[in-house]
Peer 1: 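Below: one structure in structure tokens.
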Amino acid sequence: MLINGARLQLQDLSIVYDGQITAVDSVSLDVEPGEFLTLLGPSGSGKTSILMTVAGFVPAASGRVLVDGDDLLGRPPNERNLGMVFQDYALFPHMSVAENIGFPLKMRNWSKADIKQAVDGALEMVRLTGYENRRPTQLSGGEQQRVALARSTVFDPPVLLMDEPLGALDRQLREHLQTELKRVQSRTGITTLYVTHDQQEAMTLSDRIAVMRDGRIEQIGTPAELYDRPATRFVASFVGETNLFRGRPTGSGSGAMLETGNGGQIPLDGIADLPRDEMIEISIRPERLTIGGGARCTVEATIVEVGFAGEMIRVTAQTSSGDQFRIKQQNRGQAGQLSAGTSIQIGWNPEDLVVLEQPVD
Ligand SMILES: Nc1ncnc2c1ncn2[C@@H]1O[C@H](COP(=O)(O)OP(=O)(O)OP(=O)(O)O)[C@@H](O)[C@H]1O
Ligand SMILES: [Mg+2]
């Protein structure tokens, strides 16, 4: 089954509750046909509001929502032809699995034979063949979500909206269903707008991620772009873990340094065109830091803490001027050589260092 995914566009979309609470502030977004795009952001950043407005349950204060160029705003939800899976979007308890999945087709006056064929295909896709006669109460949480996914895609909608569909499930089941979801999505080619506040889930599933903050999109890009080139401190710390340092750049070329508040010096070797006499902020990921010599940029530090996490070792180290580095290394049996109080050299390549846009605060 291949659905022809549509282009979903949000243009200057604003959503205001009770005439005064601006939940979404002039958001513009193009989701390409067949793309899996995730809205990622903390609680209250406006993710659900966007989905509810696209679905037709919450009005827009201004802006447009287009599917293949057609404006959806003003149409009731049942005339928008969108697939929807929400965290608590319950199945009909009095209907069997097959009846639940077939419901959208019955509403569209499909024939019994066509419904059966489509339901069988949908069941196979979510790997629930043989479950057609069960009631929702006879299913596990993960199975219920798979039925919800089948029900929301069985009528070949051009766009699928999902709001934290795996939020209520335990980690193992969530990871399993992430794989299933991704498989169903790429098999059907359905354009997907997904919502989560779980950055790991967003990175695993998405073609692109829009990071939301206070009703706006702070940055949009592929998971790798957001992780490797975060634009702001907010994105750098929301998408993955990071080390942040603020200070003034001094020197130039290979002698360029970031002077941190307490007289610390962090090498910026090779980073060109830094603003002078201005505070800047840099980000470097813990796993890009090495312990021991050989790197282009190095600082001397003392280990403060070593954390053992199975396949990873986490080391916190501090320079003499008090700048703290968090380092993440793969466990290759070196844990014994790392202990609090040991002097080490922390190293990195200048390409792994990101200069962030000026913090607004
Ligand atoms: N029905 C409503 N009436 C008034 N304000 C609302 C309503 N729904 C949401 N809000 C407000 O709009 C803002 C955005 O809420 P929204 O539900 O879109 O956030 P979210 O990003 O989905 O958060 P979460 O991760 O907690 O689900 C919040 O400040 C919230 O308090
Ligand atoms: Mg929400």
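The shown structure was predicted, so the numbers you read here are calculated from the model rather than taken from an experiment. The figures that follow rest on heavy atoms only: side chains count, while hydrogens, waters and symmetry mates do not. Ligands are counted one by one from 1 in listed order, and the atoms in each one are counted from 1 as well.
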Peer 1: I'd like to know: is the Mg ion (ligand 2) within the 2.8 Å range of an N/O/S atom from S43, strictly under that distance?
Peer 2: no

Peer 1: Counting neighbours of NZ on K116 that are heavy atoms of other residues, nucleotides or ligands and sit closer than 6.0 Å, is the number greater than 12?
Peer 2: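 Counting other residues, nucleotides and ligands, NZ of K116 stays at 12 neighbours or fewer.
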
Peer 1: For atom 14 (C) of ligand 1, state which one of G41, G44, S43, G215 supplies the nearest heavy atom.
Peer 2: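 Selected option, by shortest heavy-atom distance: G44.
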
Peer 1: If you draw the axis of the six-membered ring of F92, does the NZ or CZ of R151 fall within 45° of it and under 6.0 Å from the ring centre?
Peer 2: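 Here R151 passes the 6.0 Å and 45° test against F92.
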
Peer 1: Starting from atom 25 (O) of ligand 1, locate the nearest protein heavy atom and write down its residue, its atom name and how far away it is, to 0.1 Å.
Peer 2: K47 NZ, 2.8 Å

Peer 1: Which residue in the set E305, E241, E287 passes salt bridge (Lys or Arg N to Asp or Glu O under 4.0 Å) when paired with R326?
Peer 2: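 Exactly one option meets the salt bridge (Lys or Arg N to Asp or Glu O under 4.0 Å) with R326, and it is E241.
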
Peer 1: Is there a path of hydrophobic side-chain contacts, each under 4.5 Å between heavy atoms of I/L/V/M/F/W/Y residues, joining V65 to M212?
Peer 2: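 Yes, one cluster joins them.
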
Peer 1: What atoms of ligand 1 come within less than 4.0 Å of a heavy atom belonging to I21?
Peer 2: 4 (C), 5 (N)

Peer 1: Using a strict 4.0 Å cut-off to heavy atoms of P42, name the atoms of ligand 1 that fall inside it.
Peer 2: 21 (O)

Peer 1: Check each atom of ligand 1 against the heavy atoms of S49 and keep those under 4.0 Å away; list them by number with element.
Peer 2: 14 (C), 15 (O), 16 (P), 18 (O)

Peer 1: Step through the shown structure and confirm whether more than 12 heavy atoms of other residues, nucleotides or ligands are within 6.0 Å of CD on E124.
Peer 2: no

Peer 1: Counting only heavy atoms, tell me which of V58, T48, D18, I50 gets closest to atom 22 (O) of ligand 1.
Peer 2: T48

Peer 1: Looking only at the aromatic ring of each residue, does the gap between the centers of F155 and F103 stay below 6.0 angstrom?
Peer 2: no

Peer 1: With a cut-off of 4.0 Å, which atoms of ligand 1 are near a heavy atom of A23?
Peer 2: 12 (O), 13 (C), 14 (C)

Peer 1: Under 3.5 Å, is there a donor-acceptor pair linking the side chains of R108 and N81?
Peer 2: yes

Peer 1: With a 3.5 Å cut-off and no angle check, do the side chains of R332 and Q334 form a donor-acceptor pair?
Peer 2: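 No - no donor-acceptor pair under 3.5 Å links their side chains.
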
Peer 1: Which residue owns the protein heavy atom closest to atom 8 (N) of ligand 1, what's the atom, and how far is it?
Peer 2: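 Result for atom 8 (N) of ligand 1: Y17 CZ, 3.4 Å.
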
Peer 1: Evaluate the 4.0 Å heavy atom contact test for atom 31 (O) of ligand 1: does a protein atom fall under the cut-off?
Peer 2: no

Peer 1: Hey, does E164 come in under 3.5 Å of ligand 1, counting only N/O atoms on both sides?
Peer 2: no

